[in-house]
Amino acid sequence: MANKQYIVIGLGRFGASVAKTLYKLNCEVVAVDIDVHKVEDIADYVTHSVCLDATDEVALTQLGITNFDVAIVSIGSDIQASIMVTLALKELGVQYIISKSSNSTHTKILQKIGATKVIQPENDLGIRIAHSIVSSNVLDYIQLSDEYQVNELLIPDDWANKSIYQMNFREKFRISVVAIKRDKDIIVSPTNDDVLKNGDIVVCICKNKDMDQIRKYLK
Ligand code: ATP
């Protein structure tokens, strides 16, 4: 299967980091900015880098914008430009648009004009870090939907040497354990017979409200 093609528009710290990482992950990445210095700086780290004003629909069309599977609009401080670019991509028929927002009003507008996904990196990272520091056993957290989240839990001492069956996670905590991380190994979909060891990290999916219970338990 052909690699997906990504276009990253706006090469501030966030956009440049996304573009370089996608390229490292063997994706085809075109990086775009209105500032020629930003375009030159990233040239060696992406497939192509192009200097253009992304609010210009003609320029986007000439770039073959509809050939890209995913467009990432990473323009934060110039809200007007961010909205105009997202709208242009939508009107030109780009199927999957991820737009970066700077505040909640900006988020609402981007959602209204049809961004597939709106991210607010500082906010999202803040939430994630807060979740991991409020309980030292919660190492990482991802919000899957309004209702569900994925967590990585460092098991407390009293879970060690107990099997998944004995732990009875579903009944006791209403969580589904999808994997156990042990040193460099990962046990995917552990069975009832798998036994937890000290230092194991349990990767689980649960409802938000049930995670609150677990946090209280782990404290
Ligand atoms: P961060 O550096 O934290 O990611 P940010 O998202 O606020 O911050 P900005 O400083 O807004 O980043 O930079 C976004 C980039 O988008 C800049 O490099 C800017 O030149 C570029 N940019 C702004 N308007 C346009 C446009 N119309 N077309 C293409 N690029 C643009």
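All ligand and atom numbering here is 1-based and tracks the order in the structure.
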Got the closest protein heavy atom to [atom], with its distance?
| atom | answer |
| --- | --- |
| atom 27 (N) of ligand 1 | Asp53 OD1, 2.9 Å |
| atom 14 (C) of ligand 1 | Ser74 O, 3.6 Å |
| atom 28 (N) of ligand 1 | Ala54 N, 3.0 Å |
| atom 11 (O) of ligand 1 | Ser77 OG, 2.6 Å |
| atom 30 (N) of ligand 1 | Ile34 N, 3.1 Å |
| atom 16 (O) of ligand 1 | Gly10 CA, 3.3 Å |
| atom 25 (C) of ligand 1 | Ile75 CD1, 3.7 Å |
| atom 5 (P) of ligand 1 | Lys100 NZ, 3.6 Å |

So, for [X] and [Y], which heavy atoms are closest and what is the spacing to 0.1 Å?
| X | Y | value |
| --- | --- | --- |
| Ile75 | His106 | O-CE1, 4.3 Å |
| Ala71 | Val94 | CB-CG1, 4.0 Å |
| Val29 | Thr47 | N-OG1, 2.8 Å |
| Ala115 | Ser99 | CB-OG, 3.9 Å |
| Lys181 | Val203 | CG-CG2, 4.4 Å |
| Val18 | Ile72 | CG1-CD1, 4.1 Å |

Partner of Val32 under side-chain contact (heavy atoms from CB on, under 4.5 Å), chosen from Leu11, Val85, Ile7: Ile7
Side chains of Thr55 and Asp53 only: does a donor on one sit below 3.5 Å from an acceptor on the other? yes
Any non-hydrogen atom of Leu52 lying under 4.0 Å from ligand 1? yes
Residue-ligand contact Leu11/ligand 1, heavy atom below 4.0 Å: yes
Numbered atoms of ligand 1 (with element) below 4.0 Å of Gly76, judged on heavy atoms: 5 (P), 6 (O), 7 (O), 11 (O)
Kindly identify the option in Val39, Ile9, Asp33 whose heavy atom sits closest to atom 20 (O) of ligand 1. Asp33
Rounded to the nearest 0.5 Å, the SG atom of Cys51 sits from the NE2 atom of His37 at a distance of 9.5 Å
Gap separating the CG atom of Asp69 from the OH atom of Tyr96, nearest 0.5 angstrom: 12.0 Å
If I apply the N/O under 3.5 Å rule, does Asp78 come out as touching ligand 1? no
With a 4.0 Å heavy-atom cut-off (strictly under), which part of Val32 contacts ligand 1: side chain, backbone, both or neither? neither
Counting heavy atoms only, which part of Lys38 comes closer than 4.0 Å to ligand 1: side chain, backbone, both or neither? side chain
